[in-house]
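Okay, so here's the structure we're looking at.
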Number of protein chains: 2
Amino acid sequence: MKLLDIGEVSEASGLPASALRYYEEQGLIAPAGRRGLRRQYEPEVLMQLTLISMGKAAGFTLDEIGSIFGNRGRPVLPREELHQKADALERQMRELGALAKAVRHVANCQAESQFDCQAFQRLMRVNIKTMQRRARKNGGRKAPV
Amino acid sequence: MKLLDIGEVSEASGLPASALRYYEEQGLIAPAGRRGLRRQYEPEVLMQLTLISMGKAAGFTLDEIGSIFGNRGRPVLPREELHQKADALERQMRELGALAKAVRHVANCQAESQFDCQAFQRLMRVNIKTMQRRARKNGGRKAPV
DNA sequence: CTAGCAACTCAAGCCGACTTGAGGTCAAGC
DNA sequence: GCTTGACCTCAAGTCGGCTTGAGTTGCTAG
């Protein structure tokens, strides 16, 4: 199987080479070897990068991503924790849906201010609650994800 | 209607007072007035903060959030752009779902490495494509959201 | 053989989103 | 009338995630 130069990986993934080197420094990816100075990647790395991008989009830090999809696809966390992460993701997904709804509503609503609109208020109500639940749990620091 | 001290807003929202001042500096919220030096907030601000939190969870910058739910609930962007934002959110929601599935799979899968697992590979395949589409469009910089 | 060019390293810089700390203000309760 | 505690301002610091720049190395084509 043909190995890829960093430039090719960059091209294929859309990530700048500097980011790839940075991911390596953080232990998220690794080249199969070198040819001279140059890193040579297995095509598999593209899948890893997809995972990383998805994880980032979901608000994980690189560190967290590393612990979910650890060294070359072997997860570092125990099953139970992984399921918790998945639960969190699904919750977050629902929140995203709520936000999409809210934005959609804002686009169509005639009210002077959203805060005058009954429908909008209903959309928000439930989320104020989940937000407060979350806040109570972690003292308002950093998204638990 | 009773006005709230920053401490009360902080308590109710779970956000530290320093963050509230920062949001004010960025033009996202504003107190109804002051009593002496102290900011006095209308309860309405809690709804705005919910919106902000949701927006952040969805990966928007504070700046972007400001342009969606502009000055006191009157959106700054035209309808069309708001719908585009909503579309993007729904896309992102689906990606999040895919990630949840992937994590769930990793938790259960017996394969040595995820990259040896057929089911996992299928899960990823589609996302590599969307990732590449996105990359081609923006040169790999900053999430388009 | 040598010129190019892509890649390399390492240190420093940058941006967003806050936090922290030092030093100041003020209304409320004793 | 004084202390206390919540709040204030402003400057500086922090952290994550990269980017930028200067100076170096080494495969490849002419």
Side-chain angles (χ1 to χ4, degrees), chain A residues 2-41 45 48-49 51-68 135 138-145, chain B residues 2-41 45 48-49 51-68 135 138-145:
Chain A
K2 194 208 168 211
L3 294 179
L4 307 171
D5 242 14
I6 200 171
E8 299 174 291
V9 175
S10 170
E11 170 76 4
S13 67
L15 298 166
S18 60
L20 300 178
R21 289 187 208 104
Y22 179 71
Y23 289 168
E24 180 177 340
E25 200 177 307
Q26 303 303 302
L28 291 178
I29 61 173
R34 299 255 181 156
R35 190 163 43 136
L37 287 185
R38 303 182 179 204
R39 292 161 175 85
Q40 299 298 115
Y41 294 93
V45 79
Q48 289 181 270
L49 291 172
L51 240 22
I52 294 172
S53 291
M54 290 169 71
K56 283 196 353 174
F60 288 99
T61 63
L62 293 185
D63 219 61
E64 290 170 319
I65 295 171
S67 66
I68 300 180
N138 64 13
R141 299 327 235 50
K142 190 123 208 259
V145 185
Chain B
K2 191 205 170 212
L3 294 179
L4 306 171
D5 241 15
I6 201 172
E8 299 173 293
V9 175
S10 170
E11 169 77 5
S13 67
L15 299 166
S18 62
L20 299 178
R21 288 189 208 103
Y22 180 70
Y23 289 168
E24 180 177 338
E25 200 177 307
Q26 303 304 302
L28 290 178
I29 60 173
R34 298 254 181 156
R35 192 167 39 137
L37 288 185
R38 303 182 179 203
R39 292 163 174 83
Q40 300 297 116
Y41 294 94
V45 80
Q48 288 181 269
L49 291 172
L51 240 21
I52 294 172
S53 290
M54 289 168 71
K56 284 196 352 177
F60 288 100
T61 64
L62 292 185
D63 221 59
E64 290 169 319
I65 294 171
S67 67
I68 300 179
N138 65 12
R141 302 321 237 57
K142 187 122 211 253
V145 185

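Each chain gets a letter, A, B and so on, in the order the sequences are listed, and its residues count up from 1. On a predicted model such as this, the values are computed, not experimentally measured, just so you know.
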Notebook entry, point to check: So does A:Glu64 pair up with A:Lys56, basic N to acidic O under 4.0 Å?
Noted result: no
Between OH of A:Tyr22 and C1' of C:dA12 the distance, given in whole Å, is 15 Å
Hey, does the side chain of A:Ser18 come within less than 4.0 Å of D:dT19's phosphate (OP1/OP2), counting only N and O? yes
Protein N or O to nucleotides 6-13 of chain D N or O, pairs below 3.5 Å:
from, atom 1, to, atom 2, distance (Å)
D:dA6, N3, B:Arg38, NH2, 2.6
D:dC7, OP1, B:Asp5, OD2, 3.0
D:dC7, OP1, B:Gly7, N, 3.3
D:dC8, OP1, B:Arg39, N, 2.9
D:dC8, OP1, B:Arg39, NH1, 2.8
D:dC8, OP2, B:Arg21, NE, 3.0
D:dC8, OP2, B:Arg21, NH2, 3.0
D:dC8, O5', B:Arg39, NH1, 3.3
D:dC8, O3', B:Arg34, NH1, 3.2
D:dT9, OP1, B:Arg34, NH1, 3.3
D:dT9, OP1, B:Arg34, NH2, 3.0
D:dT9, OP2, B:Arg39, NH1, 3.0
D:dT9, OP2, B:Arg39, NH2, 2.8

Atom CD of A:Gln26 and atom C1' of D:dT19 are separated, to the nearest Å, by 14 Å
Residues B:Glu24 and B:Arg34: closest non-hydrogen pair is OE2-NH2, 4.2 Å
Nearest heavy-atom approach of B:Leu62 to B:Leu28 is O-CD2, 3.6 Å
Out of C:dT19, D:dT19, C:dA17, minimum distance to the side chain of A:Ala19 belongs to D:dT19
Closest non-hydrogen atoms of B:Ser10 and B:Pro16, given as atom of the first, atom of the second and distance, are OG-CA, 3.9 Å
Result for side-chain contact (heavy atoms from CB on, under 4.5 Å) between B:Arg39 and one of B:Ile6, B:Leu4, B:Asp5 points to B:Ile6
Does a side-chain N or O from A:Tyr23 land closer than 4.0 Å to OP1 or OP2 of D:dC18, or not?
-> yes
Result for side-chain contact (heavy atoms from CB on, under 4.5 Å) between A:Val9 and one of A:Leu3, A:Val45, A:Leu15, A:Ile29 points to A:Val45
A:Glu25 CD to D:dG17 P, in whole Å, measures 12 Å
